[in-house]
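Numbering of ligands and ligand atoms starts at 1, following listing order. For this chain, numbers begin at 1 and follow the sequence in order.
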Amino acid sequence: MGAVEELVARAGGCAVIDGGFATQLEALGADINDPLWSAACLIARSHLVKEVHMQYLEAGADVIISSSYQATIPGFLARGMSLDEAEDLLRTSVKLALEARDEFWKSTLRKSKPIYNRALVAASIGSYGAYLADGSEYSGSYGADITIEKLKDFHRRRLQVLAGAGPDLIAFEAIPNKMEAQALVELLDEENIQVPSWICFSSVDGKHLCSGESFADCLQILNASEKVAVVGVNCTPPQFIEGIIGEFRKQTKKAIAVYPNSGEVWDGRAKRWLPAECLGHKSFDALAKRWQEAGASLIGGCCRTTPSTIRAVSKVLKGRTGH
Ligand SMILES: C[S+](C)CC[C@H](N)C(=O)O
Ligand SMILES: N[C@@H](CCS)C(=O)O
Ligand SMILES: [Zn+2]
């Protein structure tokens, strides 16, 4: 059995993913208004990074996602760092999550009634659009000059370094278009990456990727790769998730992960979140129950969700409070 299947089984059929990492970092006082976004904290505020991981573990997360979403080698080089320093920061992002997981697990084992699973650490890899920080991670428009080869070259070294840092999983997050999905699948093969991956798309309409391309076409690409253990969507409004799971189930046999945002919309120019579309009376955790029933095997939250969201999700999915 692979690491993901094992975790899902241990979790009783549905594992809990953590919530918005950058969101909680900001709540702890970090300034992430930066071209590196949350990854800026790897440079000077790494204690906060570990604290966020701890808070999500306490809330009941079975998977924690590292702080490397927008940590890129060109991004760190532009900050005046050397290549070695940039690669070290990528490793640090995984190390901080592993340390948090190990410390938390040790303290859990000391308790008489263990209510937690030993969590997995997923090394986050954001899209090329996240690095561009120009809003294209939610439009999927990378311009006329982009090619699969360019995308592979953008992702290659970071993927090698993160995979070598000892995570349990690689989490490609909020991939907005088909070309990038294709590039990632090819790269996993070319680099013979042994760490199982998940590839999650983002959507702004619930029917397509952010680019307007079809889920079915992209899932066909992912289905063909043994390196991809999990497929799904993240940072997508919660009201679309149930429908997306139904569509995914028609197109794939792989495990499905969903970790939507709060429904607020990112204004890439102004770099701020705009108010949510109305979710009706449904709360995030009540929806999470429906996502489980619809067939998702990993459920959590993305931007603007917090440890209290994940505590509620853990409670509703597993009937326990996580503390
Ligand atoms: C998931 S979005 C809110 C991340 C931030 C964006 N890439 C930026 O740097 O503006
Ligand atoms: N893992 C990242 C995803 C941003 S879309 C975060 O939670 O900040
Ligand atoms: Zn997000």
Quiz item: Does atom NZ of K50 have more than 12 heavy-atom neighbours from other groups under 6.0 Å away?
Solution: yes

Quiz item: If you measure from each non-hydrogen atom of W37 to ligand 2, which part falls under 4.0 Å: side chain, backbone, both or neither?
Solution: side chain

Practice problem: Could you tell me which atoms of ligand 2, counted from 1 in the order shown, lie closer than 4.0 angstrom to a heavy atom of C303? | Solution: 4 (C), 5 (S)

Quiz item: Polar-atom distance check: Q70 versus ligand 1, any N or O pair below 3.5 Å?
Solution: yes

Quiz item: Counting from 1, what ligand 1 atoms have a heavy atom of Y69 closer than 4.0 Å?
Solution: 1 (C)

Quiz item: Polar-atom distance check: E137 versus ligand 1, any N or O pair below 3.5 Å?
Solution: yes

Exercise. Heavy-atom contacts with C235 under 4.0 Å: which atoms of ligand 2 show up? List them by number with element.
Key: 5 (S)

Practice problem: Just do the side chain to side chain donor-acceptor pair (under 3.5 Å) check on T147 and E149 with the steps written out, would you? | Solution: CA-CA 5 Å; T147 61; E149 288 311 313; over 6 Å; no

Quiz item: Which residue holds the protein heavy atom closest to atom 1 (C) of ligand 1, what is that atom called, and what is the gap in Å?
Solution: Y138 OH, 3.0 Å

Quiz prompt | Sole residue of L7, V16, D18 in side chain to side chain contact (heavy atoms under 4.5 Å, CB included) with V63 | solution = L7

Quiz item: Under 30°, 30 to 60°, or over 60°: which ring-plane class applies to F248 and F201, parallel, tilted or perpendicular?
Solution: perpendicular

Quiz item: In the protein, what heavy atom is nearest to atom 1 (N) of ligand 2, and what distance, to one decimal place, separates them?
Solution: E173 OE2, 2.9 Å

Practice problem: Taking only heavy atoms of G20 into account, list the atoms of ligand 2 that are under 4.0 Å away from them. | Solution: 7 (O)

Quiz item: Is any NZ, NE, NH1 or NH2 atom of the basic residue among R156 and D153 found under 4.0 Å from an Asp or Glu carboxylate oxygen of the other?
Solution: yes

Exercise. May I ask you to test the F215-L209 pair for a side-chain heavy-atom distance under 4.5 Å?
Key: yes

Quiz item: Is there a heavy atom in C302 that sits closer than 4.0 Å to ligand 2?
Solution: yes

Exercise. Compute the angle centred on the Zn ion (ligand 3) spanning SG of C235 and SG of C303, and express it rounded to 10 degrees.
Key: 100°

Exercise. Run the salt-bridge test on K106 and E103 with the 4.0 Å N-O cut-off and return the result as yes or no.
Key: no

Quiz item: Does the ring pair (Phe, Tyr, Trp, His ring centres under 6.0 Å) test come out yes or no for Y142 and Y128, once each step is laid out?
Solution: CA-CA 8 Å; Y142 290 169; Y128 178 57; 5.1 Å; yes

Quiz item: Would you say G268 contacts ligand 1, with heavy atoms under 4.0 Å as the rule?
Solution: no

Exercise. Look at atom 8 (O) of ligand 2 and say which protein heavy atom is nearest, naming residue and atom and giving the distance to 0.1 Å.
Key: A22 N, 3.0 Å

Quiz prompt | Contact partition for A174 relative to ligand 2, non-hydrogen atoms under 4.0 Å | solution = neither

Quiz item: Can you tell which part of S38 has a heavy atom less than 4.0 Å from ligand 2: side chain, backbone, both or neither?
Solution: neither

Practice problem: Report yes or no: does S197 contribute a side-chain atom to a donor-acceptor pair with the main-chain N or O of V228 at less than 3.5 Å? | Solution: no

Quiz prompt | Closest protein heavy atom (residue, atom, distance) for atom 7 (O) of ligand 2 | solution = F21 N, 2.8 Å

Quiz item: Where is the nearest protein heavy atom to atom 10 (O) of ligand 1: which residue, which atom, and how far?
Solution: K271 NZ, 2.7 Å

Quiz item: Name the one of K318, R101, R118 that satisfies salt bridge (Lys or Arg N to Asp or Glu O under 4.0 Å) with D62?
Solution: K318

